[in-house]
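Notes follow the structure.
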There are 2 protein chains.
Amino acid sequence: MVSRKEVAEKANVSQAVVSYVINNSNYVNAKTRERVEKVIAELGYRPNMIARSLKTSQSHHIAFVCNDFNNPFFPQIAADVTKAAFENGYLLSINDLGYDDTRIELLLQYKVDGMFIASDLFTSEEINAFAQQGIAIVLFSNRKYHNLDPSVACIKIDIYDGMSRLMIYLLGKGHRNFAFISSARFEKREEASGAPENYRYSAFKDRVAEWGGSEESFTIESVVAFDQIADIVNKLLHKRTKVTAIVAGNDAIAFMIIEYLQSRGVRVPQDVAVTGFDAIRYASIFSPKLTTVDLHLDWMSQTAITLLLRIIRKQPYKHVCWDSEVRIGDSA
Amino acid sequence: MVSRKEVAEKANVSQAVVSYVINNSNYVNAKTRERVEKVIAELGYRPNMIARSLKTSQSHHIAFVCNDFNNPFFPQIAADVTKAAFENGYLLSINDLGYDDTRIELLLQYKVDGMFIASDLFTSEEINAFAQQGIAIVLFSNRKYHNLDPSVACIKIDIYDGMSRLMIYLLGKGHRNFAFISSARFEKREEASGAPENYRYSAFKDRVAEWGGSEESFTIESVVAFDQIADIVNKLLHKRTKVTAIVAGNDAIAFMIIEYLQSRGVRVPQDVAVTGFDAIRYASIFSPKLTTVDLHLDWMSQTAITLLLRIIRKQPYKHVCWDSEVRIGDSA
DNA sequence: CTGTTAGCGCTTTCAC
DNA sequence: GTGAAAGCGCTAACAG
């Protein structure tokens with residue numbers, strides 16, 4: 001692999017000059033510059049980011065962290081974030097950590113400059129520890145965190161409000177018996193993180209309670225693996241008080257539920273209404289078009305990268321919030 | 001950020017001993033080891049992979065390269081490959097290069113140890129250049145390449161055969177007027193790469209020709225962006241000789257086509273049959289269940305990582321091939 | 001069993 | 001405008 005030394009020798013300059021040319025960091029005689037550039041092209045020299053990182057202690061490497069790549073929500077965001085990172089000269093590595101705690105350790109050894117955390121699995125303490133190690137952190141938060149380090153930037157979408165409106169829509173349609181089926185994500189660290197109140201869940205509960213729903217009027221279920229959905233839905237179908245609306249924690253789960261219902265001959269939405277959440281791209285492509293909550297995901301990638309870069313460059317920044325919006329489809 | 005020096009000082013040993021402990025690369029007195037490990041834990045020291053990489057010229061970093069993360073095919077593979085890489089102590093960065101040539105340049109500066117290329121966009125020359133720079137290359141190839149460097153390992157799925165069988169199935173069902181709609185991927189570099197014969201396309205053509213289909217009996221279309229699908233399908237619907245079977249280049253495209261057809265009131269498969277390709281997870285989840293070709297994608301990730309590691313470790317390896325298989329669903 | 005040391009490829013200060 | 005040199009954190013050969 002050709003190094004800067006060879007370039008310097010062949011161009012009859014010192015290694016410093018090669019640096020100046022590459023980084024445009026110092027005056028270089030036009031003729032010299034040309035000569036160096038020619039040699040670089042001839043030799044196919046490419047600066048070694050690893051050495052540069054070691055010297056500058058900036059890896060130009062950002063990590064996108066999530067825990068369920070099987071939910072199209074994450075790849076969709078990841079693709080956009082990758083693009084935005086690249087455009088700013090950063091490498092983005094996408095990390096689906098799953099439920100495996102050891103993986104983050106490996107990641108930390110690579111000394112990423114920043115992490116975009118789109119996962120509810122970390123406790124405030126863990127996130128703060130990252131930040132205190134000097135890693136820029138942008139957190140897309142679906143739940144409450146207590147005592148986050150002030151250097152952590154949050155992207156907040158008003159999910160509580162979105163779910164509230166969705167529930168109000170369903171109540172308006174006459175639904176009175178609900179089930180809430182969500183991924184198990186937010187439960188795992190419940191103890192560790194104090195009160196990890198998931199906004200989707202709490203809005204669901206609050207609206208049911210507000211209407212005056214009894215214990216009998218709703219069911220809460222959570223799935224870890226998709227193949228559990230059949231069992232859960234089956235259980236619901238056999239409930240004494242018939243569930244008329246299933247509120248899924250995200251679009252991916254909603255689709256699975258609908259598919260299973262249809263395979264059992266249950267019509268959606270005539271027999272049971274099903275709603276999603278997130279408005280992933282597929283929500284409007286696959287049939288039935290999902291009634292879901294639009295998170296305006298297209299704002300996410302630019303916002304995340306902009307925030308990350310501002311933190312890295314020690315520029316001031318603010319937390320970013322935006323609204324979510326109910327989108328009526330054919331499923332409820 | 002705490003470095004090895006501090007650990008050494010606090011544990012009253014030389015920096016070398018700290019290395020020995022971490023890497024298990026030399027005898028260390030049990031007591032000393034214990035002392036060092038204690039200090040490491042206390043200080044929360046994490047080895048700096050960047051410095052290590054510079055020294056060993058092994059980045060322990062693998063890149064997954066694709067060009068269309070919007071097709072669920074790629075995230076699905078990416079998730080599995082990430083896991084397999086992690087389990088072997090490698091960081092995997094996922095790179096959706098899109099159609100942007102400059103992005104690969106950035107990636108190369110990071111001196112990845114290997115690349116898993118799941119993209120048809122590179123020419124043999126480009127791939128060979130990567131390999132000659134000492135990057136381990138595993139290529140998931142959908143088309144013919146000429147004169148690939150022998151150090152490039154290929155994962156080949158018998159796609160030609162799969163598409164052939166799919167066509168034979170359709171011909172058996174009485175279809176005689178076809179359209180082939182594929183992503184534009186394989187066309188872009190047509191000139192540059194000599195004869196980039198895409199197996200899906202050639203099998204489609206060959207089977208039609210074999211049956212004796214005239215020029216009128218099939219149409220070839222390719223899409224770059226999903227929103228072109230409406231126009232293309234519209235065009236097909238207005239053809240003089242009515243198309244009865246649409247053969248999509250992949251499942252994602254098939255779903256879009258079906259969705260558009262249904263929105264126009266065209267029934268699938270009664271009015272028009274549609275087939276997919278790849279058997280992504282969603283092919284059997286969303287309705288109608290796709291008639292598609294199963295590529296046994298679950299074999300991919302382990303195979304790719306195993307091959308990559310063998311190349312990196314200079315162990316012998318072989319190209320890997322396996323069959324594809326028609327899976328009959330409800331769409332054709 | 002432990003320590004000393006050279007050097008990976010680069011940036012950057014300072015001297016010329 | 002250009003060059004010499006120090007040093008980022010680590011590994012590994014070698015000496016003791």
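Computed from a predicted structure; not experimentally measured. By convention in this document, chain letters (A, B, ...) are assigned in the order of the sequence lines, proteins followed by strands, and residues within each chain are numbered from 1.
OP1 or OP2 of dT2(C) has at least one side-chain nitrogen or oxygen of Thr32(B) nearer than 4.0 Å. Considering only side-chain N and O atoms, Tyr27(B) lies nowhere under 4.0 angstrom from the phosphate OP1 or OP2 of dG3(C). Between Tyr45(B) and dC10(D) there is a side-chain polar atom (N or O) within less than 4.0 angstrom of OP1 or OP2.
Across the protein-nucleic acid pair, Glu6(B) atom CD and dC8(D) atom P stand 12 Å apart, rounded to whole Å. Rounded to whole Å, the distance from NZ on Lys5(B) to P on dG7(D) is 10 Å. For Asn48(B) and dC8(C), the CG to P distance is 18 Å, given to the nearest whole Å. Distance Lys55(A) NZ to dT13(C) C1': 9 Å, rounded to the nearest Å. Rounded to a whole Å, the OH atom of Tyr110(B) is 14 Å from the P atom of dC10(C). Leu54(A) places its CG atom 4 Å from the C1' atom of dC8(D), with the value rounded to the nearest Å. Between the CE atom of Met49(A) and the P atom of dG9(D) there is a distance of 17 Å, rounded to whole Å. Atom-to-atom, CZ of Arg33(A) to C1' of dT2(D) comes out at 13 Å; the value is rounded to the nearest Å.
Residue contacts shown for Ser57(B) are absent, as no nucleic acid heavy atom lies under 4.0 Å away. Here Ser53(B) lies out of heavy-atom contact (under 4.0 Å) with every strand.
Atom CZ of residue Arg103(B) and atom CG of residue Asn67(B) lie 10.5 Å apart, to the nearest 0.5 angstrom. For the atom pair Ile62(B) CD1 and Ser93(A) OG, the distance stands at 12.5 Å (nearest 0.5 Å).
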Ring pair (Phe, Tyr, Trp, His ring centres under 6.0 Å) evaluation trace for Phe64(B) with Phe116(B): CA-CA 5 Å; Phe64(B) 173 81; Phe116(B) 177 29; 5.5 Å; yes
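The nucleotide whose nearest atom lies closest to any side-chain atom of Pro47(B) is, among dG3(D), dC10(D), dA13(D), dC10(D). Listed candidates were dT2(C), dT2(D), dG9(D). Nearest to the side chain of Ala51(B) is dG9(D). Comparing dG3(D), dG9(D), dC10(C) against the side chain of Ser3(B) picks out dG9(D) as the nearest. The listed nucleotides are dG3(D), dC1(C), dT12(C); the one nearest the side chain of Thr56(A) is dT12(C).
Salt-bridge annotation for Glu6(B) and Lys10(B): absent, with no side-chain N of the basic residue lying under 4.0 Å from a carboxylate O of the acidic one.
In terms of position along DNA chain D, the nucleotide closest to Asn26(A) lies nearer the 5' end than the nucleotide closest to the other residue of the pair Gln15(B) and Asn26(A).
Taking the side chain as every heavy atom from C-beta outward, Tyr27(A) and Tyr20(A) never approach each other to under 4.5 Å.
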